[in-house]
There are 2 protein chains.
Amino acid sequence: MTTRWLTAEEQRAWRAYVAASLLLEDAIDRQLQREAGMPHLYYTVLAFLSEAPGRRLRMTDLAEALKITRSRLTYAVTRLEKDGAVRREECASDRRGTVAVLTDEGTALLERAAPGHVDTVRRAVFDHLTAEQVEQLERICLGVAEAIQGDGPPAVRPSDELPWRRRSGPSG
Amino acid sequence: MTTRWLTAEEQRAWRAYVAASLLLEDAIDRQLQREAGMPHLYYTVLAFLSEAPGRRLRMTDLAEALKITRSRLTYAVTRLEKDGAVRREECASDRRGTVAVLTDEGTALLERAAPGHVDTVRRAVFDHLTAEQVEQLERICLGVAEAIQGDGPPAVRPSDELPWRRRSGPSG
DNA sequence: GACTCCTGGTTCAAGTTTTAAGCAATTACT
DNA sequence: AGTAATTGCTTAAAACTTGAACCAGGAGTC
């Protein structure tokens with residue numbers, strides 16, 4: 001079948017997206033690197049853990065929530081563990097399992113870094129969006145995520161490595 | 001001043017964005033790695049060059065257009081040069097300058113890879129967006145880019161390294 | 001139980017990115 | 001012209017990511 005190219009309108013939107021996401025990731029990474037000594041992803045690891053029951057999550061569940069590979073998470077947690085922000089524990093219900101636990105030190109670090117991070121995100125993104133645009137943004141992004149990882153007929157399948165299938169049992 | 005936290009609505013939008021951009025970059029990188037042997041950024045380098053007059057651009061101009069650091073571009077071009085997709089030439093008007101030129105081989109590679117790439121982008125993003133959403137997406141992204149790099153009172157300043165100031169003379 | 005397959009997590013090597021530092025050419029200033 | 005500051009680009013070292021390979025534990029089957 002012949003390629004359906006992007007329309008001029010779509011192409012402009014796509015270019016704008018690519019540019020914006022590059023700039024945004026860069027700005028956020030720098031701010032967090034400066035004020036918290038870690039890149040955005042690592043901060044997000046702490047953020048997700050902080051909201052989990054018991055501040056703990058199994059590696060696979062955490063990777064799935066973050067939409068990253070297990071390998072990438074392994075390295076992130078190893079680094080954060082060296083920093084004392086996270087601790088690894090064995091999983092009681094599955095002896096293969098590992099649970100990442102947010103330490104008190106990690107919690108403190110997160111709380112210290114949060115204001116600056118939120119401020120950056122706010123000024124770069126939300127300060128100039130209307131309420132409707134915020135809603136649109138969410139809708140659009142949910143659609144993209146669904147298209148990529150959604151069950152049913154997969155539109156785009158990034159990799160078998162990304163573990164999106166739900167696991168059976170509970171995670172603790 | 002006390003932190004202005006994100007509202008629940010904003011937080012949902014932000015999380016959706018972070019997840020979607022991670023999934024999207026991952027999907028695109030894999031597709032291009034598989035079918036063109038290079039990550040998304042490198043493909044974009046070729047794409048920008050292909051549209052420039054004479055298929056050539058000075059390093060700094062290219063880095064500015066791509067919204068990446070010169071250092072990052074240096075490595076990308078070095079790799080692409082090894083692949084034969086790009087060639088470096090001296091800049092006539094400024095002996096410090098380097099011009100990146102898209103080779104015929106690079107052009108062919110780009111043309112071979114484009115359909116698969118467009119298809120991935122289309123299925124992940126545009127196939128499920130309305131025309132208004134496409135327009136909103138562009139507007140939102142332009143706003144973000146403007147907020148980060150815009151002249152005037154800088155809302156977020158990622159780094160002095162990113163060369164956003166216009167240079168004086170022409171680039172060829 | 002033995003066999004096979006799958007799952008959870010880590011590890012290795014190779015590739016990419018970052019930050020700071022470096023060098024040469026240009027510009028600005030006097 | 002002489003000198004300091006700036007610009008264009010590269011490089012070195014450390015950090016991060018990727019993809020495949022790996023190993024131990026769990027699950028299904030007979």
Side-chain angles (χ1 to χ4, degrees), chain A residues 22 25-30 32-34 37-43 45 57-64 66-83 88-100 158-169 171, chain B residues 22 25-30 32-34 37-43 45 57-64 66-83 88-100 158-169 171:
Chain A
L22 240 22
E25 256 314 279
D26 193 63
I28 292 175
D29 271 337
R30 281 182 212 280
L32 282 173
Q33 195 67 56
R34 202 169 48 237
M38 64 181 65
H40 186 199
L41 179 68
Y42 291 39
Y43 174 92
V45 168
L57 235 28
R58 283 193 56 170
M59 296 295 282
T60 294
D61 293 327
L62 187 46
E64 180 173 355
L66 291 165
K67 313 299 182 193
I68 62 174
T69 61
R70 291 193 222 85
S71 173
R72 193 175 178 184
L73 180 60
T74 291
Y75 285 105
V77 166
T78 300
R79 201 270 224 185
L80 290 170
E81 199 170 22
K82 255 172 218 146
D83 295 350
R88 271 187 240 246
E89 286 183 10
E90 297 177 356
C91 178
S93 60
D94 183 343
R95 261 188 309 181
R96 293 167 302 179
T98 304
V99 186
S159 150
D160 290 333
E161 156 67 21
L162 282 180
W164 292 314
R165 320 156 220 59
R166 297 255 153 255
R167 264 222 324 293
S168 42
S171 346
Chain B
L22 239 24
E25 257 313 280
D26 193 63
I28 292 175
D29 270 338
R30 281 183 213 280
L32 283 172
Q33 194 68 56
R34 202 169 48 236
M38 62 181 64
H40 186 198
L41 178 69
Y42 292 36
Y43 174 92
V45 169
L57 236 28
R58 280 193 56 169
M59 295 294 284
T60 294
D61 293 326
L62 187 47
E64 179 173 354
L66 291 166
K67 314 299 182 194
I68 62 174
T69 62
R70 292 192 225 94
S71 174
R72 193 175 176 184
L73 180 61
T74 291
Y75 284 105
V77 167
T78 300
R79 202 269 224 186
L80 289 170
E81 199 170 24
K82 258 172 216 147
D83 294 350
R88 271 186 240 246
E89 286 183 12
E90 298 176 355
C91 179
S93 61
D94 184 342
R95 260 187 311 183
R96 293 168 301 180
T98 304
V99 187
S159 150
D160 289 334
E161 156 68 20
L162 281 181
W164 293 313
R165 323 154 220 58
R166 298 253 154 257
R167 263 221 324 294
S168 43
S171 344

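Both backbone and side-chain heavy atoms feed into the values below; hydrogens, waters and symmetry mates do not. In what follows, every chain begins at residue 1, and chains take the letters A, B, ... in the order their sequences are listed.
- Distances shown here put a side-chain N or O of A:Arg30 below 4.0 Å from the OP1 or OP2 atom of C:dT19.
- Counting heavy atoms from C-beta outward, B:Asp26 and A:Lys67 have side chains that stay 4.5 Å or more apart.
- OP1 or OP2 of C:dG9 has not a single side-chain nitrogen or oxygen of A:Arg70 nearer than 4.0 Å.
- Contact of A:Thr69 with D:dG19 (side chain to base): no donor-acceptor pair of N or O atoms is detected under 3.5 Å.
- Qualifying side-chain contact (heavy atoms from CB on, under 4.5 Å) partners for B:Leu73, counting only residues two or more places apart in sequence or in other chains: B:Val45, B:Met59, B:Leu62, B:Ala63, B:Leu66, B:Ile68, B:Val77.
- If you take CZ of A:Arg79 and P of D:dA15, they are 8 Å apart, rounded to a whole angstrom.
- Taken from OG1 in A:Thr60 to CZ in A:Arg70, the straight-line distance is 5.0 Å, to the nearest 0.5 Å.
- Nearest heavy atoms, A:Pro39 versus A:Arg79: CD-NH2, 4.2 Å.
- Side-chain atoms of B:Glu81 come within 3.5 Å of backbone N or O of B:Arg88 as a donor-acceptor pair.
- Taking side-chain N and O atoms only, A:Arg58 has a distance below 4.0 Å to OP1 or OP2 of C:dG9.
- Among the nucleotides D:dC9, D:dT18, C:dT10, the one closest to any side-chain atom of A:Thr74 is C:dT10.
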Requested in this report: Check step by step if side-chain contact (heavy atoms from CB on, under 4.5 Å) holds for A:His40 and A:Glu25.
Outcome: CA-CA 8 Å; A:His40 186 199; A:Glu25 256 314 279; 2.9 Å; yes

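- Between B:Arg95 and C:dA24 there is no side-chain N or O to OP1 or OP2 distance below 4.0 Å.
- For the pair B:Arg88 and D:dT10, the criterion of a side-chain N or O lying under 4.0 Å from OP1 or OP2 is met.
- Between A:Arg72 and D:dT18 there is a side-chain N or O to OP1 or OP2 distance below 4.0 Å.
- As rounded to whole Å, 17 Å separates atom C1' of D:dT17 from atom NE2 of B:His40.
- In this entry the distance linking NZ of A:Lys67 with P of D:dT17 reads 18 Å, nearest Å.
- Which of D:dG26, D:dT17, C:dG9 sits closest to the side chain of A:Thr60 comes down to C:dG9.
- In plain terms, the two heavy atoms of A:Glu90 and A:Val99 that are nearest each other are O-CG2, 4.2 Å.
- In this entry the distance linking CD of A:Gln33 with P of C:dT17 reads 16 Å, nearest Å.
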Taking only nitrogen or oxygen atoms into account, show me every contact under 3.5 Å that the protein makes with nucleotides 3-6 of chain C, one pair per line with its distance.
none

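- Relative to the side chain of A:Met59, the nucleotides C:dA25, C:dT17, C:dT10 differ in distance, and C:dT10 lies closest.
- Distance B:Leu73 CG to D:dC9 C1': 10 Å, rounded to the nearest Å.
- Where B:Tyr75 and B:Asp29 each meet DNA chain D at their nearest nucleotide, the meeting point lying more 5' is that of B:Tyr75.
- Distances from the side chain of B:Ser71 to the nucleotides D:dT10, C:dT19, D:dG19 place C:dT19 closest.
- Considering only the side chain of B:Leu41, C:dT17 comes nearest among D:dG19, C:dT17, C:dA20.
- As rounded to whole Å, 12 Å separates atom C1' of D:dT17 from atom OH of B:Tyr42.
- Considering B:Tyr75, B:Tyr42, B:Tyr43 as possible partners of B:Leu80, the one that fulfils the side chain to side chain contact (heavy atoms under 4.5 Å, CB included) test is B:Tyr42.
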